[in-house]
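Quick caveat, the model's predicted, so the values are computed rather than measured.
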Amino acid sequence: MILVPRPWLYAIWRERNAPATVLCVDKTGTLTFNRMSVQQLFVYQPSTVSSHFYDVTLHEGEALPETFHELIEFGILASRKDPFDPMEKALKQVGDDYLARTEHLHHDWEMLREYPLSGELLAMSCVWRSPEKRLVIATKGAPEAIADLCHFNAQQMQDLEQHISTMANAGLRVLGIARAIGQHQMHNPSNSLPNRQHDFEFAFLGLVGMADPVRPTVAPAITECYNAGIRVVMITGDYPATAQNIAHQIGLTPATEVITGTELEKMPEGELLSRIQTVNIFARVVPEQKLLIVNALKRCGEIVAMTGDGVNDAPALKSAHIGIAMGERGTDVARESADLVLLNDDFSSIVQSVRLGRRVFDNLKKGMAYTLAVHIPIAGMSLIPVIFHWPLVLLPIHIAFLHLIIDPACTVVFEAEPEESNVMKRPPRNPKEPLFSRRTLRLALLQGLSVLVVLLAVFAVAFYSGHGEFDARALAFTTLIVSNLSMILSNRSWSRTIPEMLHTPNAALWWVLGGGVVFMGLVLYVPLLRHLFRFSFLHFDDLVVSLTSGIFSILWFEGLKIWRRKRSYRVSI
């Protein structure tokens, strides 16, 4: 589901140095499916405006009234013949469904020129030539852009905005459609077409309201982000009312305040930095304005993750601490500018990547803490006998045997460990916090020292009570193996105890534990191996001593987990 185009260690480094506090996400295709369907139609006839709204979903299976045929006809003409844009596909689909046996579909018409949508004018126009050599121009786009092309006055614009609001409040994406007036026959129009869409005389036809269903995984993912202390900011090109409707559906809060792209560019620096800390909805935003949002959030001290898919999104993706490109619909430029590429353009995938990053970081700390802790008794039992003139406890073959357990434990077992139960219920880490914090270092040192103290006690008691060197060494080494395996079990989780973790799946763990127990049994009870390791035969009561001592060495850590959990519970109450 998630593709990391850079080495995984680098991804961990990014997660370590930039634990996201804000997720800035596109609405269309990330929070929604980007599967448009025509839901409402409005034909612009000022004299009878109230009677020309039509809800397609309320009249499924019925013929489309003739009044709305031209609106759909020119919506299709303002699109490419073989569309890939979801809005154009929706227009083509409604045409196939309702206009198939009418004169409003023109498969034999020739497209002469396309005027693409731009940042200055959010409208797209297509020039067509009919078999009768008649020139027809159709345009679609943002309603205010289409109204501008049609030279609406203030009163007309005010009336139109009421109908736009009606559709937007229903959570629909609103599209305006117009046609050029005064078409005439031209045999060679290609050289005489104007360079600008404004040079045509357009007549406004009406509005099309399109529904884009919200992904069912988004609302739970938003809740998970809030539990994890991560703020979610929605950025969309739709109307504020549309954005607020979607925000209510997915549980994005607060949904009362919206900043538009126009307001964003005109807003003074101080006001922008103040409002951007509380406003989580940005509407009527063009891709270039995403960079303003990212930089403002960064100046407020946030760690920003930004999603994007277009060429114009590249600056914002590059500027964000964590740039996330959409793999399904993203351009090559966006992918190259991003740190992560999602193969599934779903908001829940982003949340899963946060969960994965936290899990990997936790497991990395656990593995490092275990590695440090287990080497303290190894180093101590190699050095202290020399100081006290005791027989050597650990020979080279013993240390080699220990590393047959230590190496797979810190590289495989902890890597395969599932995430902690509270991994998405804690706030993002402070990016200034070191990977190996003082708390982690203290826990590792205490674990290692407690095991070392127990080993010294076992060896000293055995040696000074009259047991021979081989007896004392066998007891101490067996205790060290038990302590080592107990440390692996205990460090699987720093919040749950060993019995609570026994049912948590980790196949690698049982291979390491089983292998350690089996090989220890062979070393103790196969004469050749016992002689090689300089051990004596251990009886049942000796094994009980080693087992009890090894488990006792890490009991304090298990008690600490329970104490901290009870303390947290009392604080929450």
Next item on the list: Flag the pair Tyr525 / Phe537 as yes when their ring centroid distance falls below 6.0 Å, and as no otherwise.
Entry: yes
Note to self: Is it the case that atom CZ in Phe552 sees more than 12 heavy atoms from other parts of the structure closer than 6.0 Å?
What the structure shows: no
Next item on the list: Compute the ring centroids of Phe401 and His403, then answer whether they are less than 6.0 Å apart.
Entry: no
Margin query: Taking the side chain as everything from C-beta on, heavy atoms only, tell me whether Asp26 gets closer than 4.5 Å to Leu31.
Written below: no
Next item on the list: Scan Trp390, Phe477, Tyr464 and name whichever one has a ring pair (Phe, Tyr, Trp, His ring centres under 6.0 Å) with Phe459.
Entry: Trp390
Notebook entry, point to check: Are any of the side-chain nitrogens in Arg358 or Glu420 under 4.0 Å away from the carboxylate oxygens of its partner?
Noted result: no
Check: Any salt bridge between Arg284 and Asp238, counting N to O under 4.0 Å?
Finding: no
Next item on the list: Answer yes or no: is there a side-chain heavy-atom contact under 4.5 Å between Phe557 and Leu446?
Entry: no
Notebook entry, point to check: How many angstroms lie between CG in Leu394 and CZ in Arg473, if you round to the nearest 0.5 Å?
Noted result: 8.5 Å
Next item on the list: Could you tell me whether the side chain of Arg359 and the main chain of Glu415 form a donor-acceptor pair under 3.5 Å?
Entry: yes
Notebook entry, point to check: Is the backbone of Ala219 close enough, under 3.5 Å, to the side chain of Thr223 for a donor and an acceptor to pair up by distance?
Noted result: yes
Check: What distance separates Ile303 CD1 from Ile230 CD1, expressed to the nearest 0.5 Å?
Finding: 12.0 Å
Item checked: Residue pair Ser486 / Ser483, side-chain donor-acceptor N/O under 3.5 Å -> no
Item checked: Asp313 and its side-chain contact (heavy atoms from CB on, under 4.5 Å) partner, picked from Met326, Lys318, Glu288, Lys290 -> Lys290
Note to self: Could you tell me if the side chain of Leu395 sits less than 4.5 Å from the side chain of Phe533, heavy atoms only?
What the structure shows: no
Notebook entry, point to check: Roughly how far, to the nearest 0.5 Å, is OG1 of Thr236 from CD1 of Ile246?
Noted result: 8.5 Å
Item checked: Nearest atoms (heavy-atom pairs only) where Leu272 meets Met267 -> CA-SD, 3.5 Å
Notebook entry, point to check: Judged by modelled atom types alone, do Ser348 and Asp346 share a side-chain donor-acceptor pair under 3.5 Å?
Noted result: yes
Margin query: Between Val258 and Val279, does the side chain to side chain contact (heavy atoms under 4.5 Å, CB included) criterion hold? Intermediate values first, please.
Written below: CA-CA 6 Å; Val258 182; Val279 177; 5.6 Å; no
Next item on the list: May I ask you to test the Ile498-Ile554 pair for a side-chain heavy-atom distance under 4.5 Å?
Entry: yes
Next item on the list: Please determine, by modelled atom types, if Glu417 and Asn363 share a side-chain donor-acceptor pair under 3.5 angstrom.
Entry: no
Notebook entry, point to check: Are the side chain of Arg534 and the backbone of Ala474 linked by a donor-acceptor contact shorter than 3.5 Å?
Noted result: no
Checklist line | Residues Arg429, Asp362: salt bridge by 4.0 Å N-O rule | finding: no
Check: For atom CH2 of Trp556, is the number of surrounding heavy atoms from other residues, nucleotides or ligands below 6.0 Å larger than 12?
Finding: yes
Check: Quick one: does Gln289's side chain get under 4.5 Å of Val286's, heavy atoms only?
Finding: yes
Checklist line | Backbone of Ala462 reached by a side-chain donor or acceptor of Ser465 within 3.5 Å | finding: yes
Note to self: Looking at Thr256, is its backbone amide N or carbonyl O close enough to the side chain of Gln244 to form a donor-acceptor pair, meaning the two atoms are under 3.5 Å apart?
What the structure shows: yes
Next item on the list: Start with the C-alpha gap between Ser437 and Thr440, add the side-chain angles, then the distance that decides, and say whether side chain to side chain donor-acceptor pair (under 3.5 Å) holds.
Entry: CA-CA 5 Å; Ser437 64; Thr440 306; 3.0 Å; yes
Next item on the list: List the atom of Thr28, the atom of Met36, and the distance in Å for their closest heavy-atom pair.
Entry: CG2-CE, 4.1 Å
Check: Does any donor atom in the side chain of Asn280 or Thr253 lie under 3.5 Å from an acceptor atom in the other side chain?
Finding: no
Item checked: All side chain to side chain donor-acceptor pair (under 3.5 Å) counterparts of Thr32, not counting sequence neighbours -> Asp212
Item checked: Interatomic distance, Leu441 atom CG to Lys365 atom NZ [nearest 0.5 angstrom] -> 12.0 Å
Margin query: Tell me the closest heavy-atom pair linking Ser549 and Val458, and the distance in Å.
Written below: OG-CG2, 3.6 Å
Next item on the list: State plainly whether the residues Glu302 and Lys298 are in salt-bridge range, i.e. N to O under 4.0 Å.
Entry: no
Margin query: Between Thr478 (side chain only) and Ser546 (backbone N and O only), is there a donor and an acceptor less than 3.5 Å apart?
Written below: no
Item checked: Trace of the side chain to side chain contact (heavy atoms under 4.5 Å, CB included) decision for Leu475 with Asp542 -> CA-CA 7 Å; Leu475 277 169; Asp542 296 324; 3.8 Å; yes
Margin query: Checking Gln447 against Asn491: is there a side-chain donor and acceptor pair closer than 3.5 Å?
Written below: yes
Margin query: Please find the pair of heavy atoms, one from Ala444 and one from Ala373, that lie closest to each other, and give the distance.
Written below: O-CB, 3.3 Å
Margin query: If you take the centroid of each ring, where Trp contributes its six-membered ring, are His398 and Phe535 closer together than 6.0 Å?
Written below: yes
Check: Quick one: does Leu456's side chain get under 4.5 Å of Met381's, heavy atoms only?
Finding: yes
Next item on the list: May I ask you to test the Asp309-Glu328 pair for a side-chain heavy-atom distance under 4.5 Å?
Entry: no
Note to self: To the nearest 0.5 Å, what is the distance between SG on Cys24 and CD1 on Ile322?
What the structure shows: 11.5 Å
Check: Does the side chain of Arg329 pick up a donor-acceptor pair with the side chain of Thr30 at under 3.5 Å?
Finding: yes
Check: Can you tell me if Thr497 and Glu500 form a side-chain donor-acceptor pair at under 3.5 Å?
Finding: yes
Check: CZ of Phe470: more than 12 outside heavy atoms within 6.0 angstrom?
Finding: yes
Next item on the list: Determine yes or no for a side-chain-to-main-chain donor-acceptor pair under 3.5 angstrom, with Asn506 supplying the side chain and Leu509 the backbone.
Entry: yes
Check: How long is the span from the CZ atom in Arg496 to the CD1 atom in Ile562, to the nearest 0.5 Å?
Finding: 14.0 Å
Notebook entry, point to check: Could you go step by step and tell me if Ser319 and Asn295 meet the side chain to side chain donor-acceptor pair (under 3.5 Å) rule?
Noted result: CA-CA 7 Å; Ser319 178; Asn295 289 337; 2.8 Å; yes
Check: Where the side chain of His375 meets the backbone of Thr371, is there a donor-acceptor pair that is under 3.5 Å apart?
Finding: yes
Notebook entry, point to check: Looking at Ile405 and Gly516, what are the two nearest heavy atoms and their distance?
Noted result: CD1-CA, 4.0 Å
Note to self: Can you give me the closest heavy-atom contact between Ala320 and Met306, atom names plus distance?
What the structure shows: CB-CB, 3.7 Å
Next item on the list: Evaluate the side chain to side chain contact (heavy atoms under 4.5 Å, CB included) criterion for residues Arg530 and Val523: first the C-alpha distance (whole Å), next the side-chain angles of each, then the deciding distance (0.1 Å), finally the verdict.
Entry: CA-CA 5 Å; Arg530 190 167 64 242; Val523 166; 6.0 Å; no
Check: Is it true that a side-chain atom of Gln277 and a backbone atom of Leu273 form a donor plus acceptor pair closer than 3.5 Å?
Finding: yes
Margin query: Show, in sequence, the C-alpha distance, side-chain angles and deciding distance for Leu560 and Leu443, and conclude whether the side chain to side chain contact (heavy atoms under 4.5 Å, CB included) test is met.
Written below: CA-CA 10 Å; Leu560 179 64; Leu443 285 174; 3.8 Å; yes
Margin query: Could you check whether any side-chain N or O of Ser274 sits under 3.5 Å from a backbone N or O of Gly270, counting only pairs where one atom can act as donor and the other as acceptor?
Written below: no
Note to self: If you define the side chain from C-beta out and look only at heavy atoms, does anything of Thr504 sit under 4.5 Å from Arg492?
What the structure shows: yes
